[in-house]
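In what follows, chains are A, B, ... by sequence order, proteins preceding strands, each numbered from 1. Computed from a predicted structure; not experimentally measured.
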Number of protein chains: 2
Amino acid sequence: MLNHEERLDLVFRALGDRTRRALVERLVRGPASVSELAAPLTMSLAAVVQHLQVLETAGIVRSEKVGRVRTCRITPEALRAGEAWLGQRRTSWESRLDRLGDVLAESGPSEGSTS
Amino acid sequence: MLNHEERLDLVFRALGDRTRRALVERLVRGPASVSELAAPLTMSLAAVVQHLQVLETAGIVRSEKVGRVRTCRITPEALRAGEAWLGQRRTSWESRLDRLGDVLAESGPSEGSTS
DNA sequence: ACATCACTTAAGCAGTTACTTGACTATGCG
DNA sequence: CGCATAGTCAAGTAACTGCTTAAGTGATGT
């Protein structure tokens, strides 16, 4: 079991690494095998597999093995959850600024200001 | 100096921690002092300050000290950068699915399908 | 059958993170 | 002044990360 906060922990932490973001960038253009994903990277294959596991436990990627090839693909829900969290905080912040603007406008543009 | 990838590293890593997300959630509702931010949390004040430093180096929060009180507030640009990254990858993924759908549709809805 | 390919698993290690405690430095207030 | 408030700084530590290498496992190609 994995609640919403735990999921966000895993998603944001997973994305907080260039290599893993690079993997995501490759995978949004379509599925790929582990070796295809590893090819452009300078690290060992084992290291790439470990990064993929991080992405997979975060729910960002899923993979299935056919024969000896593991094919990885994006699962967009987790990315959407991260985007949604950020969007909600941004709108919350913006609406606060709006209310603040309203209060300042209410005091009148030429009436006695705060200064 | 801090390039775009480094900034994203810091932003996503900063958000990959519940405590820091809680601090952000508090701060989107308006500025607060360090002790106000620490009050609802169970950890030491020093620990909260350390979390705030992580948020500040990520560019998510800025703070200024007046007298003996440090007041923290959100800087929304960094959050927007994270949201933008996620949004771009999502649309990239979605447009790929659209193209895939087009190709499948092109073969004709009642013509010989893949099965 | 045998080699090769595509991973998989495990161990180890340097560096980082998320805390803690304790000592310290300003304010600000009566 | 004297004392509480609001942080600041430095050390220490246990757990976690991001790698590495090396030794498997189980397809696949010839």
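For B:T91 (side chain) and B:G87 (main-chain N/O), a donor-acceptor pair under 3.5 Å exists by modelled atom type. Without hydrogens or angle criteria, B:R26 side chain to B:E36 main chain gives no donor-acceptor distance under 3.5 Å.
When the nearest nucleotides of DNA chain D are assigned to A:V54 and B:K65 by heavy-atom distance, the more 5′-ward of the two goes with B:K65. Remark on DNA chain C: of its neighbouring residues A:R13 and A:R70, the 5'-side contact belongs to A:R70, judged by nearest-heavy-atom nucleotide. Both B:L45 and A:Q50 sit near DNA chain D, but only B:L45 has its closest nucleotide nearer the 5' end.
A straight line from CD of A:E64 to C1' of C:dA6 spans 16 Å, rounded to a whole angstrom. B:L23 places its CG atom 11 Å from the P atom of C:dC19, with the value rounded to the nearest Å. At whole-Å resolution of the value, CG in B:L55 and P in C:dT17 are 13 Å apart. A:L15 places its CG atom 15 Å from the P atom of D:dT17, with the value rounded to the nearest Å. Per the geometry, CG belonging to A:D17 stands 18 Å off P belonging to D:dC16, to the nearest Å. Separating the CD atom of B:E36 from the P atom of D:dT5 is a distance of 15 Å, rounded to the nearest angstrom. Across the protein-nucleic acid pair, A:M43 atom CE and D:dT20 atom C1' stand 11 Å apart, rounded to whole Å. Straight-line distance from the CG atom of A:D9 to the P atom of D:dT17: 11 Å, rounded to whole Å.
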Side-chain donor-acceptor pairs under 3.5 Å in residues 42-55 of chain A, sequence neighbours left out?
from: A:S44; atom 1: OG; to: A:A47; atom 2: N; distance (Å): 3.2
from: A:H51; atom 1: ND1; to: A:R20; atom 2: NH1; distance (Å): 3.2

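In this structure, B:F12 and B:W85 have perpendicular ring planes: the angle between them is above 60°, well past the 30° mark.
In terms of phosphate contacts, A:H51 brings no side-chain nitrogen or oxygen within less than 4.0 Å of OP1 or OP2 of D:dT17. A sub-4.0 Å separation between OP1 or OP2 of C:dC7 and a side-chain N or O of A:S33 is present.
For A:A47, counting side-chain heavy atoms from C-beta on, the closest listed nucleotide (C:dA18, D:dG18, D:dT20) is D:dT20. The side chain of B:T19 approaches C:dC19 more closely than any other nucleotide in the set D:dT17, D:dG18, C:dC19.
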Classify every nucleotide of nucleotides 25-30 of chain C by which part a protein heavy atom approaches to under 4.0 Å, writing B for the base, S for the sugar-phosphate alone and - for neither, in 5'-to-3' order. --BS--

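Here A:R18 lies out of heavy-atom contact (under 4.0 Å) with every strand. Nucleic acid contact for A:S35: sugar-phosphate only, since backbone atoms but no base atoms lie under 4.0 Å from a heavy atom of the residue.
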